[in-house]
Amino acid sequence: MSRQREVVSGTVRLAVRCDGDPAAPPVLLVHGYPDASQVWDAVADRLATEFLVIRYDVRGAGQSSAPAEARGYRLEQLSQDLQAVMDAVSPDRPVHLVGHDWGSIQTWEAVTDPALKERIASFTSLSGPCLDHMGYWLRDKLRQPSPAHVLALVRQLIRSWYVMLFHLPGTGLVWKLGLARLWPRLLRMTEGIDAPGRPSQSSDGWNGVALYRANFLRRLLLPRARHAVAPVQLVIAENDAYVSAGIFDGLARWVPELYVKRVRGGHWLPLKRPVFVAGLIADFVRARENPGGTQSRLTRVQGPLREFSGRQVLVTGAASGIGRATALAFAEQGASLVLADLNLDGAERTALLARLHGVSAWACRVDVGDGVAMRTFADGVEDAFGLPDIIINNAGIGMAGGLLHTSEQDWERILRVNLWGLIHGIRLFGERMVQAGNGGHIVNVASAAAFTPSRTFPAYATTKAAALMLSECARAEFSRFDIGVTAVCPGFVDTGIALSTQYTGVNADEQQRRREQAAKLYQRRGFTPQKVAAAIVHAVRRNRPLALVGVEAQGARWMSRFMPWAARLFARIDFSPN
Amino acid sequence: MNSTTEVLPGVDLARFKALQRLAYDCAETVARELQPGVTEKQVAQKMKVWLLDHGVDDWFHQPFAWFGDRTAFRGFRGFNPRFFPSSRRLEENMPYILDCAPVQGGAVADIGYSGCLGHNPMLEQLMDDLAAHRELILRLIRQRQSMAEVSRAVDRLCVSQGVEPRHKAYPFSVLAHQVGPLDERSRRFSVARFGVRSVVWLSRAMAAGQRKGQSPLWSSGKRSDHAPMPGLWAVEPHLGFYGVGAKFEELLVITDSNAWWLDDDLPHVRRWKERQESRTELEPVLRLHDLTRASASKSRAARSSVA
């Protein structure tokens, strides 16, 4: 049961609620507009088992009193309220702050105040930028109006329509005229959230308009250079209807210790995904409370935010070829990496190269065909780094030689890696992604051989055809969980695969000779793994079901669809080098 | 082994070694004086003046300088005018390569020097990676492997290191080329920054080599599929990674039975030694397979109490 108390800040009385062990690390939750502290209820319930959770109604909202005029809502006053609550509830211990929407905007004011350096342990920001930082962001974009900058501006302007509206006189009246009663229904329609109505909704909405009027123009037009005095965890909601992700691009300039997490779920994350939000806050607070503990779960960002900053990508078969190139392509875009391969040295080397892009990367030795090992691996990854957002099932081996020359052991070997590896990857991580509810993407690297029948590589083509079908089926099943699935079908790519392809039914010398000849052909084709990696990044970005990479893949696909008879004739030719 | 006696006919190794030192001194001096805003052309000119002031009388090629992503030779290869010093300006944390090949008396040097104005982790990594190439080339040549095979081994090392062999962008995709003692009496001219005497020498060596099935241009191609060819070789492995390139270039002495680097006291070799000595303790790296299951399940229990 919450412990209620009242804190006086200047002329205003603030209604404060506390839950959890008073001796535990304090976490202070600040709500936004047009909410009251109830917006945090579901999150607070979960956090209270481990922390002292403090909530209060900001001035003008819920049970707290309102200042007489709009000037009373300036950020300076809001920050003083926050300090008053911190001093009253946790006078000796620094507080972990969490803000959503306007709660985040006003908490930034405190977090960028050097006088509070010793009072604030950390800050988790959801959907509310620092207005000063935003002022600088606007200034930078306007000074260099390149098409990309103009696009970023337009994106945020579209989301800020209501801010402009609130600056017109009398617009707050809509709350009194029925918007308050409609509000729960609007939330359900626009965000899919079931939240009960509040008696104070009308006055919360009416009073809160002053937040915009008292601060927006002042701060955006005359921004102050303010640097954060505490570590900040920025939670970027990708499909936020009111705050665009682009405005955080240069945040690392103002925040020396910045961690970023990209999530799905819209603007009202505390209502929409309370369990997930509580987990993020708990992870961050725990990492601050015992440094060196679970730090690696968080994605630290230095330098400008990139497209995949705050996302984690897992790549199997990452020691070489397409796996390594894909890992590096995502690293270049800011993603942190978990790399798996049988060849640990190779995977470590990929991790080292990825770190040169300023991201974190970890390597691990895993046999993707081993179900038990894969389950341990999936558990270990989730525990150590959190669940990856993007899974690249890339590990695979090559095999050539006629059906009758392919032994049972050969079949078992290739099925184990190329098919079972994929099945384990999709099942283990798919099930965790569905459970987490944060969406995600799974990429399965198949091959143009998936739709190219051939007497030259029947086993390989069979596993790749299965990979393609598995991918399509998984896409159908996972679409309702917002998890995209892509099958990638490259043609002849100059990777190490030609030099390690197993030629069945020939002796070792002959195999080596054929490998070298095939490698020469691949080299002459000159199609680099980097091009496949670029196609994979693009396919993830656009959530494409199928990525055909290289002209031979396009051609083979076309032939299999429109001239299957030609494909069958073609299949009779033995292409193995001799 | 570094004897000054005549191990190669007509070659005074001491003079070659002294000139190579001079060339590296030039690169180090010019590198120390680099400032943001300076152009490739200005730096190349500065090297040229410095070398002429120090008694250099001709060129294998006149000095080159490459800044920024031009160090990785992105988008140009072979005989391309973009190879020549441009008006690109040096900026903070930008990598650069200085390359000069002076001739003094009959001796020839050809050196490459990589560095950075400030700090660039990619460049540091590439320079670290070059150490393995220097070691590999000497080891395989001493094993008397075919020169093309050595070059292919360098290519394979690049693949396993995950870096691009950017020396493939050089004319004839060479990993190295032969230099030789020049006749002192002939005329001194440069065409397109290459010394005429040296080009003539190289052409003659190519013609002579062709008769023996050998080539003074050392690459992964068929022309280099022959046993190590005695002489002085300017070896220049050049690695690239995402718009950053690094190389070294120095003389390798190959005789009928042995091989050695002409000089082991060069800036890049000293750098590797220093780094090896300072690397007493490796940074703690968390590996997933080090995580014990016990600690993993403990943290899961802690999290499930919240989530």
Side-chain angles (χ1 to χ4, degrees), chain A residues 46-51 274-283 286 293-297 319-321 324-325 327-328 332 338-340 344-346 348-358 360 362-366 376-377 379-385 436 494-496 499 523 528 530, chain B residues 72 74 77 93 95 116 119-129 132 148-149 152 155-165 168 173 220-222 239-244 246 282-307:
Chain A
R46 282 163 180 85
L47 288 175
T49 56
E50 198 180 340
F51 307 105
V275 181
F276 186 75
V277 170
L280 283 179
I281 297 168
D283 274 348
R286 264 189 230 121
T294 51
Q295 201 75 290
S296 54
R297 289 179 64 94
S320 58
R324 173 178 275 176
L328 293 179
E332 194 190 7
V338 178
L339 307 170
L344 182 62
D345 287 343
E348 297 260 21
R349 174 75 196 180
T350 307
L352 185 150
L353 293 173
R355 288 187 202 116
L356 297 176
H357 286 299
S360 59
W362 309 102
C364 178
R365 186 183 184 282
V366 190
T376 311
F377 172 62
D379 284 341
V381 167
E382 203 183 351
D383 284 327
F385 313 111
D494 186 13
T495 67
L499 281 171
Q523 223 168 21
T528 61
Q530 283 75 19
Chain B
R74 274 210 164 165
R77 56 179 304 140
N93 298 328
C116 171
H119 181 70
N120 187 314
M122 284 188 190
L123 179 81
E124 296 289 323
Q125 184 59 47
L126 290 176
M127 287 177 70
D128 287 350
D129 293 343
E149 200 40 61
R152 285 174 209 140
D155 296 346
R156 282 195 294 275
L157 180 56
C158 285
V159 169
S160 77
Q161 286 179 333
V163 299
E164 288 174 67
K168 301 280 177 204
S173 306
S220 301
K222 269 187 198 146
L239 311 182
F241 184 72
Y242 283 87
V244 176
L282 279 171
E283 287 170 33
V285 175
L286 174 70
R287 286 182 184 173
L288 198 56
H289 56 269
D290 293 337
L291 298 171
T292 60
R293 298 304 305 150
S295 79
S297 53
K298 209 194 306 166
S299 82
R300 189 166 44 214
R303 211 171 61 255
S304 61
S305 74
V306 164

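Below, each value reflects all heavy atoms present in this structure, side chains not excepted, and no hydrogens, waters or symmetry copies. Here is the naming used below: chain letters follow the sequence lines, and residue numbers restart at 1 for every chain.
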| Which residues pass the side-chain contact (heavy atoms from CB on, under 4.5 Å) test with A/Glu332, sequence neighbours left out? | A/His357, B/Tyr242
| With a 4.5 Å heavy-atom cut-off, do B/Asp129 and A/Arg349 have their side chains touching? | yes
| task | Taking side-chain hydrogen bond (donor to acceptor under 3.5 Å, both in side chains) as the test, write out the residues that go with A/Thr495, two or more places apart. | result | none
| query | By a 4.5 Å heavy-atom criterion (distance strictly below it), what part of A/Leu352 contacts chain B: side chain, backbone, both, or neither? | reply | side chain
| Interchain contact, B/Glu124 with chain A, by part (heavy-atom threshold 4.5 Å) | neither
| Out of A/Val277, A/Asp345, A/Leu356, which one racks up the most heavy-atom pairs below 4.5 Å with chain B? | A/Leu356
| B/Val163 versus chain A, heavy atoms under 4.5 Å apart: side chain, backbone, both or neither? | side chain
